[in-house]
Structures are given as C-alpha cells and as structure tokens.
Amino acid sequence: MSRTAPAYVCQSCGGVSRQFFGRCPACGSWNTLVEQTAGPAPDGRRRRAMPEAEAVSAPRRSQAITAEGDAPLPRLATGFAELDRVLGGGLVPGSLVLVGGDPGIGKSTLLLQTAAALARQVSVLYVSAEESAQQVRLRWRRLLPEASAEPQLLAETDLEEVLRELEALRPAVAIIDSIQALHDADLASAPGSVAQVREGAAALQRLAKRLDIALLLVGHVTKEGMLAGPKVLEHLVDAVLTFEGDRFASHRLLRAAKNRFGATHELGVFEMRDRGLVEVSNPSELFLGGAEPSPGSAVIVACEGTRPLLVELQALVSTTSYASPRRTATGIGTNRLHQILAVLEKHLSLPLSRFDCYLAVAGGLEVEEPAADLGVAAAVVASYRDLVLAAGTVLVGELGLGGQLRPVGQLELRLQEAARLGFRRAVVPRGSGLGPAAAGLGLQILEAGGVTEALVAALGVDPTAD
Ligand code: TYD
Ligand code: MG
C-alpha cells in the first residue's frame, strides 16, 4: 500500500478504516469518519534487528517486583477533599490525569482553583489554550482574590511552545486546558482531530514522564463532529475523571472512570456558586428532596464507591391513555424500572400494565446499583395506592425476579448514614448479617424476605389488599 493512501479515522473512537463509511464500523457512531493522509511513521516503529551477540550480552534491566527502589512520593493535596478522594488520596506526583466533561460544566474553574491550592506546595504551570491570558487573569482575580500563591500562566495553542516551556520551567504540576485546543503544526490534520489529540497527548506524556511532571489534561466530551472525544486518550493516562452535572442545577459530580492509583466509582460533589466551585461535604442533604414526604416518594441509601448517599425517589403512577403504557425513568435505567414493575405485577397482582409510570431520582443523580430496587418498588406502590411512607424510613434491597429480597453490600455503612441524618426506620433484606454495631445506631431495623413483606413493613398496610 502506498504511503499516501487515505485512511478514514473515526473522530469518536479512533478506529481506522480503509474505506469511507457513513457509520463507523468499530463503534457504530454516525458521520464520524474523517479522511486522513497517513504521515511518516514515528521513529519508534521501525526497529533495527538486534545482532545476536548483543542480545545475549545486553545487561538485564528487569528487577524483582519488590526490589528497593524510589520511595513513593507523598501525594499532593488539591485543595478539595472531594477531588482528593476521587483521585484516591490526592494527586500522585508524575501522574497523568484526564479531566473530561461537557463544555461549560466547570472544568476550567475546577482546575484553576486546584492550581491555586497546588501552587502553595509545588511549582505549577497553567497552560490555557482556550482562553486568553487576559480572560484567565480576570477569572483568577474574581475567584481567588486572596490566593497566597499563584501558578505560572501560559496562554498558548502551539504544542511545540508548550513542550518548550515545560522543558524550561520543569514545574511539578502542569495543567493543560484543553488538550483539544492544542495543535501540532507538523501534523496536517485539523486542531481537535483524533490524530492531533493523540499525538499531542503522547508528546506531553513522554515529556512529563521524563521530567516527572504531574499532568492534568482537560478534554471535552463531544458526541460527534469536529472535536475528538477523550476516548482515544483513556489508555494513555493514569486516571480519567469525568465532571458532570445538570446544566439547570448548580451541583456537579466528579467521578473516576479509570484510576491506576485508587478505586473507581468514588464520587465527589461540588456546587457551582458565583465565586466558583465549593465542595459539598454532606451531599445526602442535596439528594433528599422536600422536607415533607408525599405519596409516591421513598428514600433509599445508594452507595457511590465508599460513600453512602441518601437519595429520594419519586414515582407517579396514573391511568394510561395510550395503547402501551408509558414508562419513563430519570436517574435509573428504564430496563430496571420495567423489571421491577413486572415483579410487582406478578407477585402483588397489581394491574400496572394499565398505568403509566414515571420515576425520577431527586437532584439529578444516576443510581445504577440494584440496591435501589426496593425503594423503586415502594415509591411505585405508594403512588399507585396514594399512600405516604412513614417519615424517617429508608429502604435498601435488591429485588429478585421471584419477588425475593436480596442482601446488598455495605449495608452497615448505609444504615450509619441514615441514622446520622435522623432516619429512624430501615427496611432491609433478611439475612443481611448485620453486626452488633447496627444495633447501636438507634434505627428500627425491619428485615423482610420478599417484596410483599417489605412493602407491608414500609407502608404499614398490605398493598395487595383491595
Ligand atoms: P468553565 O469552568 O469555564 O467550564 P468548562 O471549562 O468546563 O468549559 O465554567 C463555565 C460555567 O460555569 C459558566 O457557564 C459559568 C459558570 N460559573 C459560575 O457559575 N460561577 C463561577 O464563579 C464561574 C467561574 C463559572
Ligand atoms: Mg474551559
């Protein structure tokens, strides 16, 4: 194949095909293939065959895994306990972290505030490729008028210049905002394309590893179109954090999608105020809706990583006027809702197929774990029967298809959080093996083996009785 044969690169997943397709054969996204002429192979690809004698006498460089080496450097505190926890206990020196999120969600704000905290401990370079130096300065003055230390600022979009500055300055931490806005003049493809993003990130990574710089890269998450999604960078970096939130609500959630230095699924909660981001150390209050319980609401304890969260669920069940009833779920998978409705229909003989059913998680949180099942069932039944769950009740449990209630992980942790927030009753699966610590929580614990028994305990009446 000739060097100049065109290749088509998917801007979403980075997949390469020899032929143009309207839909990427690798990831299935539409209209993401962009023609790209293959450039010269990077030097590393062509390896000279090693002469045999040299191969034999070459010194061995591998070591035993526990061999004495450099002591691990202490982690850097980012100034946000929420961010530190998501990173697994602070920023690891020399690591490469990608912070992804929709445009306008607050990535630049988060990283500028983090830069201020890090600058108190180590040298920091903030590279702004999207905003001018003037804009960053204005934001800095507004957000951090009293900062005691400041990072160096470089407003630059040329990758070469950024690399040169890193080499000259050798900061302990560098923040690149954003990787899509940087561009390498040597590459023919457009700024923000997959090739640019991948090459740019790889060049930064090589330099950062050599100079032991911790790199925080900002990447936009885009559905499709001109900008490359950070997907192509995920294998390259040590940690991928995603910053998400509802544009209409002020809180923001930070999660680790990948983390080589800590657990994933940790959750950090922030609130966007007029003076930048403020951490929310007591997020349960955020996800508990109104003060008064209403028909169709139930409180569950979700667990995000090691963190229990009390969350209010709301259901609305109403007679349908469609041939097939509507089922809409916000914050919980629709399939999960269908399954729970089927269990209720079968085991409680509720004619739910004649009713529309809407379900929402308060505060815009996404609850994925099945431990929410019992809460969903209780909210649906309470709305159907127009019942109000007794105030101060939480529900935890996974529903099996046979209507049985299955134990969930970290139950004691969940109950501790419920007790701390003043809840008085908890309906939990039987056989959860609660230790003596649970007895001292001051919670009335109602154990149930099946969904009917659990709902009778929660609602105080038999939901199947007419
Ligand atoms: P920004 O950090 O620029 O987002 P990103 O870098 O992810 O694109 O934040 C953008 C939004 O945050 C902007 O729409 C306004 C809002 N915002 C506040 O509400 N308060 C603030 O103090 C700041 C700096 C931004
Ligand atoms: Mg920005």
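Order of appearance sets the numbers: ligands from 1, and atoms from 1 within every ligand.
No donor-acceptor contact under 3.5 angstrom links the side chains of Ser132 and Arg137, judged on distance only. There is no side-chain donor-acceptor pair under 3.5 Å between Arg327 and Asn335. A side-chain N or O of Thr320 and one of Asp356 form a donor-acceptor pair less than 3.5 Å apart.
The protein non-hydrogen atom at the shortest distance from atom 14 (O) of ligand 1 is Gly104 O, 4.2 Å. The single protein non-hydrogen atom nearest to atom 21 (C) of ligand 1 is Arg273 O, 3.5 Å, given as residue, atom name and distance. Protein heavy atom in closest approach to atom 2 (O) of ligand 1: Thr109 OG1, 2.5 Å. Annotation: atom 4 (O) of ligand 1 to nearest protein heavy atom, Gly106 N, 3.1 Å.
Checking only distances, Ser108 does come within under 3.5 Å of ligand 1, N or O to N or O. Residue His220 has no N or O atom closer than 3.5 Å to an N or O atom of ligand 1.
In Asp274, the part holding a heavy atom less than 4.0 Å from any atom of ligand 1 is the backbone. The side chain of Met272, and not its backbone, has at least one atom closer than 4.0 Å to an atom of ligand 1 (non-hydrogen atoms only; side chain from C-beta on). Within the 4.0 Å heavy-atom criterion, the part of Arg142 lying near ligand 1 is the side chain and not the backbone. Only the backbone of Pro103 comes within contact range of ligand 1, with a heavy atom under 4.0 Å; no side-chain atom does. When non-hydrogen atoms are compared, ligand 1 lies under 4.0 Å from the side chain of Arg139 (C-beta onward) but not from its backbone.
Residue contacts with ligand 1: Glu130 is excluded, as none of its non-hydrogen atoms falls under 4.0 Å. Residue Gly276 places a heavy atom less than 4.0 Å from ligand 1.
To the nearest 0.5 Å, atoms CG (Leu337) and CG (Asp373) are separated by 10.5 Å. Here Leu389 contributes atom CG and Ser297 contributes atom OG; the two are 7.0 Å apart, rounded to the nearest 0.5 Å. Rounding to the nearest 0.5 angstrom, the gap separating the OG atom in Ser281 from the CZ atom in Phe270 is 11.0 Å.
Between Phe355 and Tyr384, the ring center distance clears the sub-6.0 Å criterion.
Classification of Arg139 and Glu131 as a salt-bridged pair holds, one side-chain N sitting under 4.0 Å from a carboxylate O. Taking 4.0 Å as the cut-off between side-chain N and carboxylate O, Arg414 and Glu412 do not count as a salt-bridged pair. Glu167 and Arg210 are joined by a salt bridge, as a carboxylate oxygen and a charged side-chain nitrogen come within less than 4.0 angstrom of each other. One finds a salt bridge joining Lys209 and Asp238 here, because a Lys/Arg side-chain nitrogen approaches an Asp/Glu carboxylate oxygen to under 4.0 Å.
Of the listed residues (Gln135, His220, Gln180), just one forms a side-chain hydrogen bond (donor to acceptor under 3.5 Å, both in side chains) with Glu130, and that residue is His220.
Protein N/O/S atoms closer to the Mg ion (ligand 2) than 2.8 Å number 1 in this structure.
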